[in-house]
Amino acid sequence: MTTDLLATSADTWRDHGDEPPAIPPALEPPVDATWRERWHALWQRHDLRRVRAEENYTASRSAARGWPVAGNRAVLAFFRELLLTRRGRFAALVVLNALAAGAALVVPRLLGDLVNRTVDAKGGVPDGVGTVALLVVGVVCAHSLLTFLAQRTSTLFGQDLLASAREHIVRTILALPLGRVESASTGDLVTRVTRDVGTMSRSVQYGLPMAIISLLTVVLSILAMLLNSVVLALPALATFATALWAVRGYLRRAPKGYINEGATYSRINTTLTETVEGARTSESLRLSDRRVAAGSDDIAVSAQAERYGMTLRNLLFVVLNFAFQSPRVITLLVGAYAYTQGWVNLGQITTAVLYVEALGDPLDRLIGEVDRLQVGAASTARLLGIAEVPPDREPGDTRPDGVELVGRDLRFAYRADHDVLHGVDLHLEVGERLAIVGPSGSGKSTLGRLLSGINRPRTGSASVGGVELVDLPLEVLRTEVALVTQEHHLFIGTIRDNIVLAREDSDDAAVRAALRAVGSLGWVERLPDGLDTMIGSGQQSLTPAQAQQIALARLIVADPHTLVLDEATSLIDPRTARTLEGSMNALLDGRTVVAIAHRLHTAHDADRIAVVIDGRIVELGSHHELVERDGEYAALWRAWTS
């Protein structure tokens, strides 16, 4: 009896028997419950969400394979550095906003004085009304001018902070070890450089300046209230202060909630990216329903994280509404009693009410901006966590004495105790063409990565001129050995910019020579602007084959003495690939070339061929030698040519 492997393949994808549900039953609202039971279950769900958020927050501090999250000290140090390098503009921001806030506080005092004059006039026209009116107009005009200057300074300050913060993040990302980038979650990294960068940008650009402005307004308003009347100020301020415990509790719990939310967004992006990239595989193995279910589970988990943060905000808003509305009533009641006792006059009561009214808005805005900063700080912590990824190499001072590329006892594992290479020895002669062939998953690309210095071998050594590849500074390493894979990228810019990226002092003659060598000069010159044609996202579109030719031309301009081509022509049709490889022969003459490919015509032209099976080189020799040996390579060759 034969088994339908396709029908049962989904069962082997993952063992679902021991996996708990994405959402524990305790997080599901009860059905047919009383009001009291629902209320009790609501708080139980909130506590469970808090526990989940704290667990994820703790796990993010020591990520094993994923990206870590920086601590609060790192975030504070980051913002402190941004501010310290802009002392002058920051001082101007504080002074102008303080003056603007102070001008706004003068008007209530003038109006209170006007009320007292009116009372003293006993029905007549109070003295100095015109003078007070002119003062009010003057103060309003001064306040408008100061506000304009303060807002302009705040905008420039925020944009400057934003530019520096983004540049710092870009430098950090570009310095990441390539091996770690590929071993960790791509979805998490994408989420950090998209959503988290945007959130951090809004916090730096708007949240930080507005928080400073609101804080200055609140402090000056409190000072003005005390100067007007301590009796009227203290009850109102005490009522405002009742919100502090709620705000303090919120600020203590919210960062963990925001970090947890960010982690769930990363999980959604990871699942979505994997599903899209493996769509054909999922459909062929009938795994589509499981991939959809995995995405739905991720969204459900994210919704629970969002609900935790929303509950924290709702609880805060309940307290804030009471704390911000009550002072108006309390000030009038206290003012009425104090007036009967002769402690205050009507002008002071009027001024106090206006101050209380004016204080509520900046205080509310301050709490809102602090919350925005909390969100931004959580995103910044995730971004700065990228910088905490330990480097995979410490460049030494020794430089290669020669160009011989040698691999000895090479072993490598992506996971502990699971080697994918097993003691590979390989010595390349200068100017030799070595082809590495073998079935998919045999370790060819991994060997190429070790020979190009991308990863450090677990044991053994990969050296050039007697120096370990991973001990060379990257700028030196790429002039010695360069890797070109089947993946490529076009940056937004001209064709010239994309090619000279490898060596910026290259002239147009070198660029054209590189394009001619890869057989693409003709179609480039037929473009409307030739070398000045803009390519990349949103610009002139290129076919995958043309994009790969640009990547190869970039490699030629880099001019390393050793090239590792990991299926570099896989996206080009066989005839074009054959022509391309033939046209490169003259330019590659004198260089050591390691070509990893499934197309065996590449191997046919090589000086030697290494056949890799299960992480070991099982055969090594020329095409004719291996065909005569009638081993693994001969079988591959017969399958290729049949």
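Not measured: the values here are computed from a predicted model. Position 1 is the first residue of the sequence, and the numbers go up from there.
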### All pairs passing salt bridge (charged side-chain N to carboxylate O under 4.0 Å, His left out) where residues 72-87 contributes a residue, at least two apart
Arg86-Asp160
### Query
Residues in ring pair (Phe, Tyr, Trp, His ring centres under 6.0 Å) with Phe317, at least two apart?
none
### Query
What residues form a ring pair (Phe, Tyr, Trp, His ring centres under 6.0 Å) with Tyr355, not counting sequence neighbours?
none
### Task
Evaluate the ring planes of Phe90 and Phe157, with Trp represented by its six-membered ring, and classify them as parallel (under 30°), tilted (30 to 60°) or perpendicular (over 60°).
tilted
### Message
Angle between ring planes, Trp35 versus Trp39, binned at 30° and 60°: parallel, tilted or perpendicular?
### Response
parallel
Residue pair [X] / [Y]: nearest heavy atoms and the distance that separates them:
X: Thr239; Y: Ser326; result: CG2-CB, 3.6 Å
X: Pro24; Y: Ala22; result: CD-O, 3.7 Å
X: Ala236; Y: Thr331; result: CB-OG1, 3.6 Å
X: Pro255; Y: Ala378; result: O-CB, 4.4 Å
X: Thr34; Y: Glu37; result: N-OE1, 3.0 Å
X: Leu226; Y: Ala233; result: CD2-CB, 3.8 Å

### Message
Between Asn269 and Ser266, do the side chains contain a donor N or O and an acceptor N or O under 3.5 Å apart?
### Response
no
Do [X] and [Y] have side chains that get closer than 4.5 Å, going by heavy atoms?
X: Val247; Y: Leu320; result: yes
X: Ser282; Y: Arg290; result: no
X: Val301; Y: Ile23; result: yes
X: Phe148; Y: Leu96; result: no
X: Phe491; Y: Asp497; result: no
X: Val353; Y: Arg328; result: no
X: His46; Y: Leu312; result: yes
X: Glu54; Y: Asn260; result: no

### Message
Taking side-chain contact (heavy atoms from CB on, under 4.5 Å) as the criterion, tell me which of Gln44, Arg45, Arg307 meets it with Leu27.
### Response
Arg45
Just how far is it from atom [atom1] of [X] to atom [atom2] of [Y], taken to the nearest 0.5 Å?
X: Leu42; Y: Thr311; atom1: CG; atom2: OG1; answer: 6.5 Å
X: Leu220; Y: Met225; atom1: CG; atom2: CE; answer: 13.0 Å
X: Leu232; Y: Leu237; atom1: CG; atom2: CG; answer: 10.5 Å
X: Ile268; Y: Thr273; atom1: CD1; atom2: OG1; answer: 11.5 Å
X: Glu261; Y: Ser379; atom1: CD; atom2: OG; answer: 9.5 Å
X: Thr264; Y: Gln304; atom1: OG1; atom2: CD; answer: 10.5 Å

#### Entry: From CA spacing to verdict: side chain to side chain contact (heavy atoms under 4.5 Å, CB included), Tyr250, Leu315
CA-CA 9 Å; Tyr250 174 78; Leu315 293 174; over 6 Å; no
### Task
Test side chain to side chain contact (heavy atoms under 4.5 Å, CB included) on Tyr339 and Gln348 and set out the steps.
CA-CA 10 Å; Tyr339 180 75; Gln348 289 176 303; over 6 Å; no
### Query
Does atom CG of Asn314 have more than 12 heavy-atom neighbours from other groups under 6.0 Å away?
yes
#### Entry: Neighbour count >12 (heavy atoms, 6.0 Å) for atom CZ, Arg152
no
### Query
Counting only N and O atoms by type, is there a donor-acceptor contact under 3.5 Å from the side chain of Ser144 to the main-chain atoms of Val140?
yes
### Task
Assess whether side chain to side chain contact (heavy atoms under 4.5 Å, CB included) is satisfied between Thr271 and Arg291, documenting all intermediate values.
CA-CA 8 Å; Thr271 299; Arg291 296 309 299 169; 3.7 Å; yes
